[in-house]
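Naming: A, B, ... by sequence-line order, numbering from 1 per chain.
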Amino acid sequence: MQETLATSTLSVPSRSSVSTQDKFSTAGQTLSTGPRPPRHSIVPPPSKSKGWNSRTKFHQMRRTITEDTEWSLAIVPLLTELCIQHIVKNFQNNPLLKQLLPQHQQKVLNLLSPDLPLAVTANLIDDENYWRRCCTQRWPVCHVAKHGGSWKRLFFERHLENLIKHFIPGTTDPAVILDLLPLCRNYVRRLHVDQFLPPVQLPPPHGELSDSGSDVELEEPTTDHYQLGDLVAGLSHLEELDLVYGVKDCGMNFEWNLFLFTYRDCHSLAATIKACHTLKIFRLTRSKVDDDKARILIRSLLDHPALEELDLSHNLIGDRGARAAAKLLSHSHLRVLDLANNQVRAPGAQSLAHALAHNTNLTSLNLRLNCIEDEGGQALAHALQTNKCLTTLHLGGNELSEPTATLLSQVLTVNTTLTSINLSCNHIGLDGGKQLLEGMSDNKTLLEFDLRLSDVAQESEYLIGQALCANREAAHQRALNPSHFMSPVMAKGPENPAG
Amino acid sequence: MQEVPGEYLDRKKESEEDRSKSYKQKEESRLKLAKLLLCGTELVTNIQVATDIREIHRRVEEEEIKRQRLEKLESEVKTSQDKFDEITAKWEEGKQKRIPQDLWDMLNTQQVHCAGLIEDKNKLISELQQELKTKDDQYVKDLKKQSDDICLLLERMEEQVKNVMKTFRQELNYIEKAFEVERQELLTSNKKKWEQALQAHSAKELEYLTNRIKKVEGYEKQLNKQRIWDWEDYNTIKIRLEQDVQVLEQQLQQMKATYQLNQEKLEYNCQVLKKRDEESTVIKSQQKRKINRLHDSLNNLRSKYAQQITQFQEENQSLTSDYKRLMMQFKELQKAMRHFAVVDDKQFREIWLMNEEEAKDLMSRALDVDRIIHTHHLGLPWTAPDFWFLRNVGPISQQPRKSATQILEEVLMQAEEEGTEETASEAESYLDLPKQISAKTTRKILMLLCDESGFLIESKLLSLLLPLEKNECYLLRLDAIFSALGIESEDDLYKLVNFFLKYQIYHSPSSQEQTSPMSALEPGEQTDLEGQEEESLVEGEPEEKETPPSPRLIHPNDVLKILKAFVMGLKKPRDPRAPMKLKCVQDNSKDSEYWEALTTVIPDTTQNLWDALYTGLEKYHLILTQRAKLLVENGSLEQQNTELQMLLQQYLDSQINSELQVPPTQVFRVPTK
C-alpha cells in the first residue's frame, strides 16, 4: 500500500529510490534512454485517448514495479507534459500561449489542432509550423514562395481568396468575408482572385441551358459581382491585387453572361484601387475590359503613390485605352506595363511611344498579340532611342515587318539599357533579320532576343544567338565580380568560344 | 593543370591548379546548363509562340471573314430593302385597283414577293447559323487543340524538368569529381612539398650545427690569446702605478713639514692680531663716545638750523608779501602816474591852447592896434609881421614826428611837381627836409636805392606792383626796402641820405673840400637828433648851395657797399632811452622861448613910438576935454537964457499984466528971436 501511495503522488523519496533503482538495475538502459525524456514527451499525445486505460493499467502494474525491469521514469509523463496537454485541449476556450516558457510554447504549438477556429488562432499564433500544418491540411499544393515565404500569409490569403471566389452576390452573406477582415488584415498582402461568381436568381447556378438563356436577358443589368471596396479598405498591407472577372469550370454551361465586367463593377473597382494607397501591383486580366472601362480604371490610378505594375492583358483594350495607359506612364511610378493580347493598333502604340520617349520609370513593356504594325513599331523604336530606362520589350505577334526592324537595329547600336526584346511571330523577313544582326553586332547589353517564327534566315538567327551568348557571358562576369570588371572579361575571352 | 592562362596565374598563385580545374569544370557545367535551360525554355515557349502565330492567323482570317460577312449582310440588306420598297410601292398601286380580279392577282404577286423576301432572309439566317455551327465545331476543335497543346506543354515541361534535373545532377557529380581529383592532387603535391621542405630543413640544420662548432672553436682560441695579452698589460701598468705611489708619498711628507711651519707662523700672527684687536676695541669705544658727543652737538645745530630756517622762511614770506604789496602799489602808482601824465599832458595842452589863444588874441589885438596906429594915426603903410610862432598851435614838445614813409611820399610828390612849379614847392620842402640836401638829390638817391636793392623786396610784392603807377610803385618798393633795412623814422631816412652823400664824398677825391662841413655834422647827427634839425635850420641855406648833390657820381655798384656800411653803422647807436631824457629838458627851454617870442611880437621900436604917440595923444586929449567942458558950460548957459526968456514971456503974456496999469511989456522990449 505504501508503495502505491508513494508512486501515485510521485513523492521525492520514491523518485530517488526509483532513480537509484534505475542506476542499479537498468544502468545500461538509462544510459541509452537518459537523453530521451524530452523527446519522449511528444510520444504521449498520439495515445492521448488511451491515457485513462493506461493509467488504470499502471495501477495494476504498480506492485510489480520492482520486479519490472523494463519500467522507467520515461514512461511516466511529466507534470509539464500533462499541463501542456491540458492547455492544448482547452485552447479554444482558454488560449494560453504567451505566458508559457518558450520551449513549452513550442510544444503547445506542435500539439495544436489545425482545425481551431481562426478567431482564436489568427492573432495569437505566429508560428510557421502551425500554419504550415493548417495549409497542408487544407490544400494539397502550396507554393509558399509565392506568398513571401510565410505560411501564415499563405493561409490567410488563400482562405480569403477562397471565400471571395465562392461568394455569390445576393445569396451569400457579406459578413462572412467582413468578419474575417479583422483577423487577416495584418497578413494579407496579395489577393489573387480568378473567379467572381455572378448573382443568381435560381438556386442552382448551373441550371439548364434554356433557363439560363432566358435569365440572361432578365439579369443583364444586375450582373454585378462582389464589391471589393470594403474588404480592400480594411486590408492595410495589401500590395498586390490580381483579379479575373470570370467563372472557372463552367464547362458546357458556358454563357457570355458569366464573363461580364459591368460598369458598376468597374466604377467600384476603380474607387477601391484609388483608395488603396499601398497597392503596388494591379492585375485585371481576361475580364473583357474595353476602352471605356480601361479609361475609368486608369483615371483612378493617375498619380497613385505606390503603383508599380499594371497588367491588363487578355482584354479588349483599343487605342483609346492605350492612350490612357500612356498618360498613366507620365503620371505615376509605373515600372511594368502589360497590355498583351489586346486590340492596340498603331495610334495607341504611337501614344505609348510618345510617353515612353521621356519616361524614366518603366522597365518592362508588353504588347504581345496586338496589332500595332509598322507604324507603331517605328514610333516605339524612335522612342527607344531617347529612353534610358526600359529593359524588357515584348512585341510578339504585332504584324511588324522590315521597316521596324531597320529602326530597331539602329536602336540596338545606341541603347544600353535594353536586355530583352521579343519580336516573335512577326514578318521581319530576311533583310530585316540581317539588319538586326548588324545592330546586334554593336550591342553589348542585350541578353534575350526572340525572333522565332518571324521569317528570319536561320543563319542570322544563329549569329544573333551567338552574340546574345557573348553578352550573357559578359553580364555573368559583371554580376560575379563587379569590381574586377575588365580583367575577368579578358581572362575569359579565350575560354568563351571553347565553352 | 598546365593550361592555365597567364593572367589567371597572377591572380591566384597559391591555388592555381585546383582553382583552374574546378573553375573550368564549373564554367563548363554552367555553360552547358545555361544552354540546356535556354533550349528547354525555347522548346516550351515554342508552343506558346506557335499558338500565338496560329492566333494571329486566325485573327487575320477572322477579320477577313467578318468583313465578307458584313459586306454580304449589307448587300443583302440593300437588296431586301429594294424588294421591300417594290412591295410597298405595289401596295399603293393595289389601292388604285378597282377590279377584284386584278387586286387578287396583285395580292398574289405581293404574297409571292413577300414569300421570296422572307425566304431570302431565312436563307441568310440559315447560312449564318451554319457558320455559327461551324464556329462551334471550330471552338470545340480549338478547345481540343488547346488541351492537346497543354498536354504537350506539360509533357515538355516534365521532360524538361527531368532533363534538367538529370543534367544538373550529372554536372554536380562531375564538379564533385573534379573537386575530388583536385583535392587528391593537391594533397599529394602538398605532401611532396612538405617532405621536400622537411629534408631541406634538416640539411640546413646540420649545416648550421657544423658552422656553429667551428665558430665556437675559433672564439675560444681568440679568448685565450686575449687573456694572455691582457695579463701582460696588467702587470706593466701595476709596476708603473706603484712607482707613482712612492713619489707621491715623498711629496706628502714634504707638504706635511711645510704645513707644520706655517701653522706656527700663523699662531704667532694670531696672537699679535688679538692684542691689536683689544687695542682697537678701546680706541673704538673712545671714538664712539666722541661720536656721541658730536652727534649731540650736531642735533643741537640741526634744531637751531631748523629754527632758523623757519624763522627765515617766515621773514621771507613777510618780505615777499611786502614786496608784492609794494609792487602792487608801485604799479598802481605808475598807472596813476601815467594817468596823471596823460591828464597833465591834456591839461597842459588845454591850458596851453587856452593861453595861446588868449595870447594870440592879445597879439592880434596888439597887431590890430599897431595897424590902426600906423594907418590912422601915423599914416604909415603897415605890413603884417611874419613869425614862425604865429602859426604854431599846441605845445611844441608834443608835435608828432613824421615816419620815413610819409617823408618819402612827400619827397616823391615834390619831385612830381618839380617840373611845373619848382620854385613854389621849394619853399615848402625846406621845412621838412634836412636842409643840407635838396629834395631832388634825395629823390635820386632813393630811386637809385630802389633800383639797386630790389632783392630786398619780396617776389610776391613785385608781382602785385606791376599794374600800379610808377610813383606808387616806387613808394611801395621803398617802403619794403626800408622795412627790411630797419629804417623807421624820418631821422633814419635822413641819416641814410647823408650817409650816401658822405660816402660819395669820402670816395671821390675831387670833392675833398666838401668833407669838412659834412664831417662837422656827423657827431651832431649821431648823438642829438633834434640838434641836427636845429642845426640844419640854422645852416640850411648856405649848405644847400654848397653841396649840389651829384648822384650820378655814385656808381650803382657802390650802392650795396654803402648800404652794408650803413646798416652796420645804424645798429650801434640804438639806445631808446637817451633821446627821451633830452627831450624833457629841451621841452622847457623851447616852450619858454616860444612864450618869450610871443611877448616880442610888438618890437621895442614900435613900443617907443607908441609911448611917444601916447603922450602926444594924451595932451591932445586933455585939450579936447577942456574944450568939451567949455562947450558944456556954454550949452547950459544958453539953456538958462532960454528958460529965462520963457519965463519972461510967460509973465508978459499973463492976465495980470493986462490988468495992471502998466504992462511991463511996454516997459521993456521984448527980445525976438
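- Atom NZ of B/Lys177 has 12 or fewer heavy atoms from other residues, nucleotides or ligands within 6.0 Å.
- The neighbour count for B/Gln170 CD, taken as heavy atoms of other residues, nucleotides or ligands under 6.0 Å away, is above 12.
- Here the straight-line distance linking atom SG of A/Cys469 with atom NZ of B/Lys35 works out to 7.0 Å at 0.5 Å rounding.
- Within a 6.0 Å sphere centred on CZ of A/Arg286, heavy atoms belonging to other residues, nucleotides or ligands number 12 at most.
- The stretch residues 148-158 of chain B places none of its residues near chain A, where near means some heavy atom under 4.5 Å from a heavy atom of that chain.
- Atom OH of B/Tyr174 sits in a sparse spot, with 12 or fewer heavy atoms from other residues, nucleotides or ligands closer than 6.0 Å.
- Contacts with chain A (heavy atom to heavy atom, under 4.5 Å) involve these residues of residues 40-53 of chain B, listed by number: B/Glu42, B/Thr45, B/Asn46, B/Gln48, B/Val49, B/Ala50, B/Asp52, B/Ile53.
- Within residues 56-73 of chain B, the residues having any heavy atom closer than 4.5 Å to a heavy atom of chain A are B/Ile56, B/Arg59, B/Val60, B/Glu63, listed by residue number.
- Among pairs with a residue in residues 445-469 of chain A, those fulfilling salt bridge (charged side-chain N to carboxylate O under 4.0 Å, His left out) read A/Asp450-A/Arg452, at least two apart in sequence or across chains.
- Within a 6.0 Å radius of CH2 in A/Trp139, other residues, nucleotides and ligands contribute more than 12 heavy atoms.
- Residue B/Leu38 touches chain A through its side chain alone, counting heavy-atom pairs closer than 4.5 Å.
- Heavy atoms of other residues, nucleotides or ligands lying less than 6.0 angstrom from CD of B/Glu55 number more than 12.
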